[in-house]
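I have placed the structure first, in the form of structure tokens, so that the comments after it can refer back to it.
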There are 2 protein chains.
Amino acid sequence: MTSADSGTAAESPAQPVRGRPRSEAVEQAIVEGTMKLLEEGVPLGELSIERIARTAGVGKAAIYRRWKGKEALFVDVLRTVEPDGPELPGTSMRDDLVALLEWQRRRGLASRSSAILRTAHAQMKSSPRIWEAYHSTVIAPRRKLGMEVLRRGQRDGELRTDLDVELVNDLFMGPMLVRAVLRPDADLTEGLAQRIVDTLLDGLRPPGAPSVGGAAAPRSVSSPADPAECARSVTEHP
Amino acid sequence: MTSADSGTAAESPAQPVRGRPRSEAVEQAIVEGTMKLLEEGVPLGELSIERIARTAGVGKAAIYRRWKGKEALFVDVLRTVEPDGPELPGTSMRDDLVALLEWQRRRGLASRSSAILRTAHAQMKSSPRIWEAYHSTVIAPRRKLGMEVLRRGQRDGELRTDLDVELVNDLFMGPMLVRAVLRPDADLTEGLAQRIVDTLLDGLRPPGAPSVGGAAAPRSVSSPADPAECARSVTEHP
DNA sequence: CCATTTCGATACGGCACCGTCTCGTATCGA
DNA sequence: TCGATACGAGACGGTGCCGTATCGAAATGG
């Protein structure tokens, strides 16, 4: 994708590579060294090419030969470290959601992924390029996956159809993301994914649906009687 | 309270201040300048005493006279910028939760608070002192407040008693936090707090409990018998 | 009036890093 | 064998920041 060149480049169709080829081992050492530093909690601001070169045991030139600067390198590392998305069982929306959340939970437990995740979120405000790369390669696909699961759930009668799937997606992912990303000391015990999904489903499942727990009376949720007159009452704050 | 403590000595009980007193304006200029830089997205790693002094229009010595270093200053800025917690209406658990989430939403919309919040989260991994200060002065009290609201809700029959309040708290706060803190481009439209709380409550409310307004059907959520209650359904979603 | 302390400004030596460039060596294609 | 390129190492001048010190000018109390 964008800027792909900077990445593990060397994809030149017709290239009469004349001299010594670039060492793949050096490539890996650089990325690995960067990840190691990131894992140790070194913020992006304290990362320097010289320090990475020292850690990786390579010369500075070897890095500048491949990447334009620290930022481009970081984007590549971001893409490299990202684990593959979870495999969805496909048996039901509920099971798929559990799988998605369970994957997030494990990811939060992995220090490598976790630390880099944090740094990425930290820097995205100051560096639109990093945020752009991270969003398009990591967040967007995962989010899209969640949406599809939810929409399928709506078709199959596992999820109320009167709700905005964007919101529902955040209702499911939010709690786990907060624990995995925002709070380093949070509880991420086994079974958390199921608990979240099932607790939420108890209210999200449409009236007559079978599955885990029985649902009860029908409910009509969002049909405002008269928006005009009840519009405020909660909206004012000094 | 703002300033004048934590960082440096300052609070000496009986001090025969002999010479020229420290200017309160200088104090404010320093904190204000730091906030301005933080707002602009400058990460903590790129913040320097010299840059702060330049921005604030003060001498470096004026800063070193008050704070031990960049970290101590940042902790003080953190405390200063943090807005007061929300006032809870106390009419019901549901209303209190809406107030809590609404406060988070507004906070997410305020660029100042938001940017500093992000930076704080970014740096806490690498700097335990900052995380400690931020956690004890900001996160812990707010979290405690949420817990109390939920426990009171359990006592009053507004919330199922078979659920872990820690988890429930994350179920409520997670979605809003994700949008406010993690995703800079997220949707934070008016009425989001109500939508989250009510959608979740539809499953969190114990079986036989009456709706907010009381009376009638257990689960008929939005049959607005009470105008104060129908505010939740105001969504104006694009 | 004078000692004391703060003010902005700035000079100081030191340090880490920047990005480029040059070594001597290693490794490829021709 | 030879030209080209990559390798680690590190020299190079430049930049920005560090934390301290010093300056003359305010501002306070005794």
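Every chain is numbered from 1, with letters handed out A, B, ... down the list of sequences.
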For nucleotides 10-17 of chain C, 5' to 3', base contacts (B), sugar-phosphate-only contacts (S) and non-contacts (-) with protein non-hydrogen atoms under 4.0 Å give -------B
Nearest to the side chain of [X] - [options]?
| X | options | result |
| --- | --- | --- |
| Arg20(A) | dT27(C), dT6(C), dG8(C) | dT27(C) |
| Tyr64(A) | dT20(C), dG8(D), dT28(D) | dT20(C) |
| Arg65(A) | dG19(C), dT28(D), dA6(D) | dA6(D) |

Within-4.5 Å side-chain heavy-atom neighbours: Leu177(A) and Leu182(A): no
CE (Met35(B)) and CD (Glu40(B)) are apart, to the nearest 0.5 Å, by 12.5 Å
Using whole Å, what does the distance between atom [atom2] of nucleotide [N] and atom [atom1] of [X] come to?
| X | N | atom1 | atom2 | answer |
| --- | --- | --- | --- | --- |
| Arg18(B) | dA26(D) | CZ | P | 21 Å |
| Trp67(A) | dC18(C) | CH2 | C1' | 18 Å |
| Glu24(A) | dC7(D) | CD | P | 11 Å |
| Ile52(B) | dG8(C) | CD1 | C1' | 17 Å |
| Ile63(B) | dG8(C) | CD1 | C1' | 12 Å |
| Gln28(B) | dT6(C) | CD | C1' | 17 Å |
| Ile30(B) | dG8(C) | CD1 | C1' | 12 Å |
| Lys68(A) | dC18(C) | NZ | C1' | 15 Å |

I'd like to check the side-chain contact (heavy atoms from CB on, under 4.5 Å) partners of Ala186(B); sequence neighbours left out, ordered by chain and number. Arg179(B), Arg183(B)
Apply side-chain contact (heavy atoms from CB on, under 4.5 Å) to Val165(A) and list each qualifying residue two or more places apart in sequence or on a separate chain. Met147(A), Leu150(A), Arg151(A), Gln154(A)
With the threshold set at 4.0 Å, does a side-chain nitrogen-carboxylate oxygen contact exist between Glu50(A) and Lys60(A)? yes
Donor-acceptor check, side chain of Asp96(B) to backbone of Gly90(B), threshold 3.5 angstrom: yes or no? yes
With sequence neighbours excluded, tell me which residues meet salt bridge (Lys or Arg N to Asp or Glu O under 4.0 Å) with Arg142(B). Glu82(B)
Ranking Lys70(B) and Ala62(A) by the position along DNA chain D of their nearest nucleotide, the one closer to 5' is Ala62(A)
May I have the list of side-chain donor-acceptor pairs in residues 97-106 of chain A shorter than 3.5 Å, sequence neighbours left out?
residue, atom, partner, partner atom, Å
Glu102(A), OE1, Arg105(A), NE, 3.1
Glu102(A), OE2, Arg105(A), NE, 3.4
Glu102(A), OE2, Arg105(A), NH2, 2.8
Glu102(A), OE2, Arg106(A), NH1, 2.5
Trp103(A), NE1, Asp84(A), O, 3.1
Arg105(A), NH1, Leu188(A), O, 2.7

Tell me, with the steps shown, if Thr34(B) and Asp76(B) meet side-chain contact (heavy atoms from CB on, under 4.5 Å). CA-CA 10 Å; Thr34(B) 308; Asp76(B) 261 17; over 6 Å; no
Check DNA chain C for consecutive Watson-Crick or G-U pairs with both distances under 3.5 Å and list the runs of at least three as stems. C:1-30 with D:1-30
